[in-house]
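Below is one structure; the comments refer to it alone.
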Amino acid sequence: MMELIKRSEEDRKICTVLEPYMPDEYAARGCSYHIQQAIEKQMKALLLAYGIDYPRVHNIQTLLNKIRENDIQLDENLLNDIEDLSDTLTAWEAMSRYDADQSFTERKYNKAKNLYDNLKSVLDQIVQMYLTNEETEDYSEEDTIITPDSAEGRK
């Protein structure tokens, strides 16, 4: 899990390096690919955090379905945000590698960055709960709904 989180953060940092060069086609292609990769790795880390093997796919909807099938309790707004961007992110992954005529908009890219930030908050909270659990061994995840906002109070 921690390795995927680290790799996700690295992908996000690549976006930060490329952003000043936007709207250059190569920068947009690089940013869209790496933000998709960052979110994909976050979702896979989330599955691992709950002891669930993740499918070896780049399809965001497939990962979201796996999260829902396993009844991982996430904020409904976060789930809806993933759903809303799933097709775009999945297309960016493939198109950034193979298609010169990629459909990229800065508005969707900004939404993807917000989604990344929200997923990062959730993962930060999960990591903190695990660390706390290791110290106290009193942690119970029963009925816990994790939201990006609930992570703010734990920092």
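This structure is a prediction, so every number in the text was calculated from the model and none was measured.
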Leu18 with Leu89, same ILVMFWY side-chain cluster at under 4.5 Å: no
NZ/NE/NH1/NH2 to OD/OE distance under 4.0 Å, Lys120 and Glu9: yes
Indicate if Met43 and Trp92 have the same hydrophobic cluster label, given that clusters are the connected sets of ILVMFWY residues with side-chain heavy-atom separations under 4.5 angstrom. yes
Taking NZ, NE, NH1 and NH2 as the nitrogens, is one of them in Lys41 or Glu10 under 4.0 Å from a carboxylate oxygen of the other? no
Give a yes or no on whether Tyr21 and Ile35 share a hydrophobic cluster (residues Ile, Leu, Val, Met, Phe, Trp, Tyr; joining criterion: side-chain heavy atoms under 4.5 Å apart). no
Which residues satisfy the side chain to side chain contact (heavy atoms under 4.5 Å, CB included) test with Thr16, sequence neighbours excluded? Arg12
For Ser8 and Ala38, which heavy atoms make the closest approach, and how far apart are they? OG-O, 2.8 Å
Can you measure from CD (Glu3) to CD1 (Ile5) and round to the nearest 0.5 angstrom? 10.5 Å
Keeping the roles fixed (side chain from Glu25, backbone from Pro23), state whether a donor-acceptor pair exists under 3.5 Å. no
From CD (Gln36) to OG (Ser86), nearest 0.5 Å: 11.0 Å
Got a salt bridge between Lys113 and Glu19, using NZ or NE/NH1/NH2 to carboxylate O under 4.0 Å? yes
Spacing of Gln42 atom CD and Asp11 atom CG [to the nearest 0.5 Å]: 9.5 Å
Report yes or no: do Asp124 and Gln128 form a side-chain donor-acceptor pair below 3.5 Å? no
How far does CG of Leu46 sit from CD1 of Ile67, to the nearest 0.5 angstrom? 4.5 Å
Say whether Val17 and Met22 are linked into one hydrophobic cluster, either directly or through other cluster members, by side-chain heavy-atom distances under 4.5 angstrom. no
For Ile60, does its backbone N or O pair with a side-chain atom of Thr90 as donor and acceptor, under 3.5 Å? yes
When you group the ILVMFWY residues by side-chain heavy-atom contacts below 4.5 Å and let the links chain together, are Ile14 and Ile39 in the same group? no
Do Lys66 and Ile72 make a side-chain contact, defined as non-hydrogen atoms from C-beta onward lying under 4.5 Å apart? no
Roughly how far, to the nearest 0.5 Å, is NZ of Lys44 from CD1 of Ile52? 14.5 Å
Side chains of Gln61 and Glu83: closer than 4.5 Å at any heavy-atom pair? yes
Side-chain contact, heavy-atom cut-off 4.5 Å: Tyr109 with Cys31? yes
Roughly how far apart are Asp71 CG and Leu74 CG, rounded to 0.5 Å? 10.0 Å
Quick one, Thr132 and Met129 - any side-chain contact, counting heavy atoms below 4.5 Å? no
Just jot down the ring-ring contact (aromatic ring centres under 6.0 Å, His included) partners of Tyr116, sequence neighbours excluded, or say none. none
Name all residues meeting the side chain to side chain contact (heavy atoms under 4.5 Å, CB included) criterion together with Tyr26; count only those two or more places apart in sequence or in a different chain, and write none if there are none. Asp24, Arg29
Evaluate side chain to side chain contact (heavy atoms under 4.5 Å, CB included) for Leu47 paired with Asp53, printing each intermediate quantity in order. CA-CA 7 Å; Leu47 288 164; Asp53 290 331; over 6 Å; no
